[in-house]
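The chains referred to below are lettered A, B, ... by the order of the sequence lines, with proteins before strands, and numbering in each begins at 1.
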Amino acid sequence: MAYWLMKSEPDVFSFDDLQAKTTRNEPEEWGGVRNYAARNNMRAMALGDEAFFYHSNIGKEIVGIMKVVATAHPDSTADLNAKGKVVWECVDVAAVKPMPKPVTLATVKATPELSELELVKLSRLSVSKVSDAEWALLCKMGGL
DNA sequence: GCCAACGTTGGC
DNA sequence: GCCAACGTTGGC
């Protein structure tokens with residue numbers, strides 16, 4: 001089981017939106033990612049892997065947990081390349097639970113144990129990896 | 001294949 | 001609104 005962190009701008013797609021879809025039994029296709037490092041991370045995801053949902057720009061905080069319900073498949077919003085090959089892929093996710101206390105970026109940055117978190121080190125990467133230790137600590141900080 | 005120019009992301 | 005970081009593009 002691996003852990004991840006995925007970003008979204010809440011005015012485009014928020015954790016509330018994801019929870020609403022999950023309640024309706026609709027998986028969310030995490031499409032629109034156009035970055036190779038992020039795509040490779042999604043390819044590495046397994047069924048049941050869990051990920052933090054991070055709100056970028058507005059809030060700048062980890063607001064909930066979701067899980068992978070379908071492994072990487074072609075992104076239906078993406079075009080094929082010149083050779084007709086699929087370039088962009090995505091996974092499907094469902095909400096698990098919100099964080100009782102969202103963990104802000106400022107708090108993460110103020111925590112020495114989280115100084116290696118990819119969210120901090122690779123701030124522009126929209127799908128990043130979280131270590132077991134980082135996951136456990138962030139859950140604790142979030143009131144879980 | 002290198003590198004400068006440019007565009008985008010995201011924090012502040 | 002600005003700027004830093006980084007990815008992509010295009011000329012050579």
Side-chain angles (χ1 to χ4, degrees), chain A residues 1-22 26-47 49-144:
Chain A
M1 167 100 104
Y3 299 109
W4 311 91
L5 182 145
M6 298 164 94
K7 292 196 230 184
S8 180
E9 295 182 30
D11 55 350
V12 177
F13 187 78
S14 70
F15 190 69
D16 285 346
D17 296 332
L18 179 64
Q19 284 190 300
K21 288 192 87 167
T22 300
E26 296 171 22
E28 165 67 11
E29 188 180 79
W30 200 267
V33 173
R34 299 292 181 267
N35 172 283
Y36 287 104
R39 183 203 63 184
N40 291 344
N41 279 337
M42 288 198 286
R43 278 183 176 173
M45 290 182 188
L47 278 183
D49 277 4
E50 292 188 309
F52 287 125
F53 193 121
Y54 174 78
H55 280 176
S56 63
N57 287 315
I58 302 167
K60 285 171 287 183
E61 56 191 5
I62 295 168
V63 292
I65 292 174
M66 54 191 171
K67 66 180 175 188
V68 177
V69 295
T71 52
H73 57 81
D75 183 341
S76 63
T77 69
D79 295 328
L80 304 178
N81 70 6
K83 291 176 184 159
K85 284 271 193 75
V86 171
V87 178
W88 301 116
E89 300 175 21
C90 59
V91 296
D92 290 357
V93 294
V96 174
K97 57 191 161 190
M99 304 292 268
K101 295 190 306 179
V103 180
T104 66
L105 182 64
T107 306
V108 169
K109 285 188 167 175
T111 306
E113 294 90 335
L114 297 173
S115 63
E116 295 297 308
L117 191 66
E118 287 189 349
L119 172 69
V120 177
K121 296 196 88 177
L122 304 172
S123 64
R124 289 188 52 204
L125 186 58
S126 60
V127 180
S128 61
K129 191 147 186 16
V130 178
S131 74
D132 291 359
E134 289 162 346
W135 180 271
L137 179 58
L138 284 164
C139 285
K140 196 172 143 199
M141 291 165 70
L144 290 172

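To the nearest 0.5 Å, the span separating OG on A/Ser115 from NZ on A/Lys121 amounts to 7.5 Å.
Atom pair A/Met6:CE and B/dG10:P shows a separation of 13 Å (rounding to whole Å applied). A/Tyr36 has its OH atom 10 Å from the C1' atom of C/dT8, to the nearest Å. The interatomic distance linking A/Ile62 (CD1) with B/dG11 (P) rounds to 12 Å, in whole Å. Between the CZ atom of A/Arg39 and the C1' atom of C/dT8 there is a distance of 15 Å, given to the nearest Å. Summarising the geometry, the separation between CZ on A/Arg34 and P on B/dT9 is reported as 11 Å, rounded to the nearest angstrom. One interatomic measurement links the two molecules: CZ of A/Arg124 to P of C/dC6, which rounds to 8 Å at whole-angstrom precision. A straight line from NZ of A/Lys7 to C1' of C/dA5 spans 11 Å, rounded to a whole angstrom. Between the P atom of B/dT8 and the CG atom of A/Asn35 lies a distance of 15 Å, rounded to the nearest Å.
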Verdict with supporting geometry, A/Leu138 and A/Leu114, side chain to side chain contact (heavy atoms under 4.5 Å, CB included): CA-CA 9 Å; A/Leu138 284 164; A/Leu114 297 173; 3.7 Å; yes
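Residue A/Tyr54 places at least one side-chain N or O closer than 4.0 Å to OP1 or OP2 of B/dG11. At C/dC6, none of the side-chain N or O atoms of A/Lys121 fall inside 4.0 Å of OP1 or OP2 (strictly under the cut-off). Phosphate contact (OP1/OP2 of B/dG10, side-chain N/O of A/Lys60, threshold under 4.0 Å): absent.
Classified by interplanar angle (parallel below 30°, tilted 30° to 60°, perpendicular above 60°), the ring pair A/Phe53/A/Trp30 is perpendicular.
In summary, of the residues considered (A/His73, A/Arg43, A/Arg39), a side chain to side chain donor-acceptor pair (under 3.5 Å) with A/Glu89 occurs for A/Arg43 alone.
Across all strands shown, A/Leu125 has no heavy atoms under 4.0 Å from either base or sugar-phosphate atoms.
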